[in-house]
Amino acid sequence: RTYPEVNAHPVFLKIKPGLSEFGGASAAEVRAYLRPLLEFADSQVPDSKQYLTPIFLRATAGLRLLPQVQQDFLMREVIASFKALTDFSIVPGIRAARVIEGTHEGAYMYVAVNQALGNLRRTVPINATVGILDCGGASTQIAFAPRNLSPSDIPSAYTAPYTPGVYTTSYLLYGKNQARYRMYNVLKTLPDAGVPGIPNAYYDPCEPLGANHTSAAAGITLFGSSNATLCEMLAVQLLNASDSCPYTSCGMQGQYQPDLARHGPETGIFYATDNYAAGARAVGFALNTTHTPEAYRAATRAFCALDASAQAAALPPAYDEDHPCFIAMWTSALLLEGYNFAPSAPIAFVQEVNNYDMSWTLGAILYEARIFEYPALKPRLQLKTGSAYTAVMLVFGALLLAGIALVAVPLLVRARRRRPSDYTEF
């Protein structure tokens, strides 16, 4: 098994809102939205190399929530924008822009983290890899190589694409934004949650006392109450962890999950990224260090009990995430009651690994580089396919519910002359 070498650090540009907010927009609005990202990509790649540079866009859970007709419209307009606004090379068919499944998202993050750790080498067995936990705005993923299980023991629907022997699953609506919206709907049903004398107003136990905000999506106003106990209870309730299980062991919603005590990764370590890292920072944990779910829950309870001014004072400098108590409470509930981690399990909360910003986009880039075939759309590319080493610049757009990231990564890929069937996908 071989893997491409990443010889330079990724370059990121992230903007908000995500492309999922443009489901009902016009073609002109979509193009205007993408323009700054494409201009950024243009600035990162020399003009003389742009015709050699394929550009990709992968959309995640925010787009998966849209009606199919809106998804198709957005992907068409993305490709049209690529053609109109850039000189990058566009691969044929749906490879240029498409909405990916949750299992792909988990597989990409697994590849990204283990690549950054140096685990994806021929000399490193798969049981030396770490597991990953990812929580975005609309979905959450888990992926790891189970010990004491053969690849055939993992149901096909839960086998990570490109990585045989790796388990993964994704939970749509279990990202921090969608979970929070679901909590608002629960609040509307609680007998004592309404604010007296104010229509469509509710006490939000996961917001600090002294703060209030309006949710346009839910059509309600929320008044913070710093009620950590109720916040935790609602987070656990939203997990649906008690659904019936048709397998030998399950996680949430009756989905298959190998029992972590018996079949967790051989290394015993999970790397938790994205909103796990945001929650850990909020409650005072240093990133790139290992903490236990038990310690994370205790720190979260203490943080969520603070009022607005105390929470603001406790947050690290330049913290820019909304609803930090809910982020921490939701991700701690995922660990303990959702995935059933042992209270003392080692969890590494990370946003960066060995100077690589941790995003599933790195794994997706590596995958595209590994199976990359020069597109026939631009004839000059055909002159490059016989070189012993081919410099490939991949520009990759990663769409999240909360924002959009455009990533430019220089890759040096060994292009030995061998049959396409000799290449191993991961």
Side-chain angles (χ1 to χ4, degrees), residues 17 20-21 61-62 65 135-140 171-243 251-254 275-276 278-280 282-283 293 296-315 319-339 401-402:
S20 58
E21 298 295 317
L65 290 171
C135 180
S139 66
T140 188
Y171 296 91
L172 192 59
L173 302 181
Y174 279 56
K176 59 109 173 178
N177 290 338
Q178 290 299 320
R180 188 164 49 84
Y181 299 151
R182 291 194 290 124
M183 185 189 72
Y184 294 160
N185 288 328
V186 174
L187 285 177
K188 294 177 183 179
T189 69
L190 299 181
D192 298 323
V195 178
I198 305 179
N200 298 316
Y202 299 86
Y203 292 114
D204 185 343
C206 301
E207 288 296 302
L209 186 66
N212 61 74
H213 65 98
T214 298
S215 169
I220 59 176
T221 300
L222 288 307
F223 289 78
S225 62
S226 296
N227 190 335
T229 301
L230 181 57
C231 179
E232 180 180 327
M233 184 192 77
L234 291 175
V236 172
Q237 179 181 331
L238 292 169
L239 293 173
N240 296 321
S242 61
D243 284 5
M252 298 166 283
Q253 294 182 320
N275 280 304
Y276 288 100
V283 302
Y296 186 35
R297 171 63 61 77
T300 297
R301 287 170 174 167
F303 177 80
C304 288
L306 300 175
D307 63 21
S309 60
Q311 278 195 20
L315 290 171
Y319 189 88
D320 60 355
E321 300 288 344
D322 296 329
H323 316 290
C325 162
F326 182 81
I327 293 175
M329 193 65 80
W330 178 245
T331 50
S332 68
L334 283 171
L335 291 175
L336 286 166
E337 287 86 13
Y339 296 124
L401 180 72

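Side chains included, hydrogens not; waters and symmetry mates left out as well; all remaining heavy atoms used. Model, not experiment: these values are computed from the prediction.
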**Asked** Between Arg301 (side chain) and Thr229 (backbone), is there a donor-acceptor pair under 3.5 Å?
**Response** no
**Prompt:** What closest approach, in Å, do Tyr202 and Leu187 show between heavy atoms, and which atom pair accounts for it?
**Reply:** CD2-O, 3.8 Å
**Request:** Check Ser225 against Pro205 and note the closest heavy-atom contact, atom names and distance.
**Result:** OG-CA, 3.2 Å
**Over all atoms of both residues, closest heavy-atom pair of Asp322 and Ile327** = O-CD1, 3.4 Å
**Prompt:** What is the distance from atom NZ of Lys176 to atom OH of Tyr181, rounded to the nearest 0.5 Å?
**Reply:** 8.0 Å
**Fill in**
One should read off an interatomic distance between Asn240 CG and Leu238 CG, to the nearest 0.5 angstrom, of 7.5 Å
**Request:** Measure the distance from the SG of Cys325 to the SG of Cys206 and say whether it is below 2.5 Å.
**Result:** no
**Prompt:** Do Arg297 and Glu337 meet the salt-bridge criterion of a basic N to acidic O distance under 4.0 Å?
**Reply:** yes
**Prompt:** Is the closest side-chain donor-acceptor distance between Ser309 and Asp307 under 3.5 Å?
**Reply:** yes
**Prompt:** Does Leu209 offer a backbone N or O that forms a donor-acceptor pair with the side chain of Ser226 under 3.5 Å?
**Reply:** yes
**Item:** Gap between atom CG of Leu172 and atom OH of Tyr174 - 0.5 Å precision
**Value:** 10.0 Å
**Prompt:** Does the side chain of Met252 reach to within under 4.5 Å of the side chain of Tyr339, using non-hydrogen atoms?
**Reply:** yes
**Prompt:** Which pair of heavy atoms, one from Tyr319 and one from Gly279, lies closest together, and at what distance?
**Reply:** OH-N, 4.4 Å
**Request:** Report the relative orientation of the aromatic rings in Phe326 and Trp330; use parallel for angles under 30°, tilted for 30 to 60°, perpendicular for over 60°.
**Result:** parallel
**Message:** Can a donor-acceptor pair be found, under 3.5 Å and without considering hydrogens, that links the side chain of Asn275 to the backbone of Cys135?
**Reply:** yes
**Message:** When you compare the side chains of Tyr203 and Asn212, does any donor N or O come within less than 3.5 Å of an acceptor on the partner?
**Reply:** no
**Prompt:** Does a donor on one side chain sit under 3.5 Å from an acceptor on the other, for Thr331 and Tyr296?
**Reply:** yes
**Request:** For Asp204 and Met183, work out which heavy atoms get closest and say how close.
**Result:** OD1-CE, 3.4 Å
**Gap separating the OH atom of Tyr276 from the OG1 atom of Thr140, nearest 0.5 angstrom** = 4.0 Å
**Message:** For Met329 versus Cys231, what's the shortest heavy-atom pair and its separation?
**Reply:** CG-SG, 3.7 Å
